[in-house]
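Here the structure comes first, spelled out in structure tokens, and everything after it is commentary.
Both ligands and their constituent atoms are indexed starting at 1 by order of listing.
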Amino acid sequence: MSKYLPLWPDSASTLSGQVDALYIYLLLVAGVMTTLIFLAVAVLAVKYRRKPGLQAHQIEGSTILEITWSIIPFGVMLTFFIWGAVIYFQERTPPADATEVYVVAKQWMWKVEHIRGQREINELHVPVGQNVKLIMTSQDVIHSFYVPAFRIKQDVLPGRYTTMWFKATKPGVYHLFCAEYCGTMHSGMGGSIVVMEPQEYAQWMANGPAAPLQETGRQLFASLGCATCHRFDTQGRGPNLAGIYNKPVLLDDGRTVTADDNYIRESILNPTAKIVSGFKPVMPTFQGLVSEEQLNALVAYVKSLSQSPATGTAELQNQPSAPPGQPTNTQVQ
Ligand code: CUA
């Protein structure tokens with residue numbers, strides 16, 4: 001807001017103006033309502049005060065008056081809900097073109113990994129004017145990723161991914177806080193979001209390591225032996241993973257789930273939780289064998305199988321990996 005009256009933190013994302021507007025609206029409505037109520041109390045106290053020689057008499061209620069003062073404030077309060085819901089859904093829905101960044105929280109630091117392989121600790125570099133989606137998880141307790149200047153906050157939980165997005169509108173350095181009490185050094189678990197001009201950002205990116213996240217994932221996929229079962233044809237013991245990302249998957253028990261980040265993650269750590277129709281629960285768990293960073297790389301790799309024909313699997317992407325009712329792996333026990 002103003003540097004002379006710093007009531008608001010810096011406003012540096014596309015959402016911050018909207019959140020502020022709603023907040024100001026709430027304050028205004030609360031102010032008007034409070035004034036009206038106290039005004040009515042004062043006026044009525046004077047008007048109906050005890051006067052000498054005047055006998056008090058009972059005043060009956062008025063249905064119309066009562067309905068009016070119930071319905072109108074109700075309508076006014078509903079606008080909070082509607083406006084708040086609109087902003088909430090906007091905050092919860094990352095644009096499809098958003099750049100993905102993986103965040104792993106731990107006591108007491110933020111570990112960031114960019115899709116092109118750059119890693120940072122307690123810092124996140126982003127370009128101005130670009131949608132950025134954070135895919136976050138924790139390797140110990142619950143933390144919360146909070147950037148006041150962007151007006152966004154999201155809990156970061158162990159054992160699953162939560163996401164959040166923003167589009168920075170102003171270059172600068174903004175505070176990152178942990179907003180969930182997470183132990184002794186919780187208050188020190190901060191960092192900074194560095195918003196850069198696009199060309200500056202491109203330069204920064206170019207200085208990073210050469211191996212993109214999905215490439216790290218591809219190497220892990222081979223070294224952990226995933227590739228022996230998850231083949232890019234229909235002959236593997238496990239489902240063909242090409243093209244599955246964000247697509248519906250039919251399960252053994254008849255349910256259909258979406259193969260999103262959390263599904264891929266769960267399938268690595270707890271493979272028997274959701275068995276793909278036509279397959280046997282033969283995959284061992286990788287719980288404890290892969291770090292959160294390695295998990296992110298594996299997830300990024302599986303996602304990349306849906307995007308890049310460079311993996312040599314493009315021609316197979318549209319083939320069903322195992323049509324229900326025609327299991328291709330019945331020889332496996
Ligand atoms: Cu992490 Cu508080």
Side-chain angles (χ1 to χ4, degrees), residues 6-13 15-16 19-20 23 84 87-88 90-94 98-115 117-126 131-168 172-196 204 208 213 216 260-262 264-266 268-270 286-300:
L7 290 177
W8 265 264
D10 233 341
S11 170
S13 83
L15 286 166
S16 52
V19 173
D20 290 354
Y23 184 61
I87 295 180
Y88 176 78
Q90 250 178 298
E91 283 212 23
R92 291 311 313 152
T93 318
T99 306
E100 293 184 340
V101 176
Y102 285 87
V103 175
V104 177
K106 64 169 276 193
Q107 288 168 319
W108 289 275
M109 64 171 73
W110 298 101
K111 296 185 286 183
V112 171
E113 190 162 14
H114 294 261
I115 212 80
Q118 287 82 357
R119 288 159 186 265
E120 316 184 54
I121 286 179
N122 293 340
E123 271 198 336
L124 168 59
H125 287 74
V126 293
N131 297 318
V132 176
K133 175 183 173 187
L134 305 181
I135 302 172
M136 308 185 290
T137 190
S138 163
Q139 66 182 62
D140 39 49
V141 299
I142 300 177
H143 303 270
S144 183
F145 195 97
Y146 177 36
V147 188
F150 295 169
R151 309 291 190 276
I152 50 169
K153 175 156 68 176
Q154 171 64 51
D155 274 12
V156 180
L157 308 171
R160 76 173 93 155
Y161 290 119
T162 52
T163 61
M164 179 162 88
W165 78 276
F166 60 85
K167 181 181 189 174
V173 180
Y174 305 102
H175 270 300
L176 159 67
F177 293 98
C178 177
E180 181 70 50
Y181 180 67
C182 56
T184 323
M185 290 292 293
H186 157 71
S187 62
M189 188 174 164
S192 37
I193 313 288
V194 184
V195 178
M196 309 164 96
W204 181 84
L213 201 54
T216 311
D260 56 11
D261 297 58
N262 271 315
I264 300 169
R265 178 194 173 86
E266 182 188 55
I268 297 168
L269 297 179
N270 187 10
F286 284 82
Q287 186 93 52
L289 299 176
V290 284
S291 68
E292 288 296 340
E293 282 83 356
Q294 290 175 321
L295 258 178
N296 290 343
L298 284 167
V299 170

Any side-chain heavy-atom pair of [X] and [Y] under 4.5 Å:
{"X": "R151", "Y": "D20", "answer": "yes"}
{"X": "V103", "Y": "L124", "answer": "no"}
{"X": "V126", "Y": "Y174", "answer": "no"}

S144 near atom 1 (Cu) of ligand 1: N/O/S under 2.8 Å: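 No.
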field: H186 backbone or side-chain N/O/S under 2.8 Å from atom 1 (Cu) of ligand 1
entry: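 False for H186.
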task: Would you mind naming the N, O or S atom of E180 nearest to atom 2 (Cu) of ligand 1?
output: O
- prompt: So, H114 versus E120: side-chain donor-acceptor pair below 3.5 Å or not?
  reply: yes
query: Any salt bridge between E91 and K153, counting N to O under 4.0 Å?
result: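 Judged by the 4.0 Å cut-off on N to carboxylate O distance, E91 and K153 do not form a salt bridge.
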message: Looking only at N, O or S atoms, which one in H143 sits nearest to atom 1 (Cu) of ligand 1?
response: ND1
message: If I take atom 1 (Cu) of ligand 1 as the centre, what angle separates the SG atom of C178 from the SG atom of C182? Nearest 10 degrees is fine.
response: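 Between SG of C178 and SG of C182, at atom 1 (Cu) of ligand 1, the angle is about 110°.
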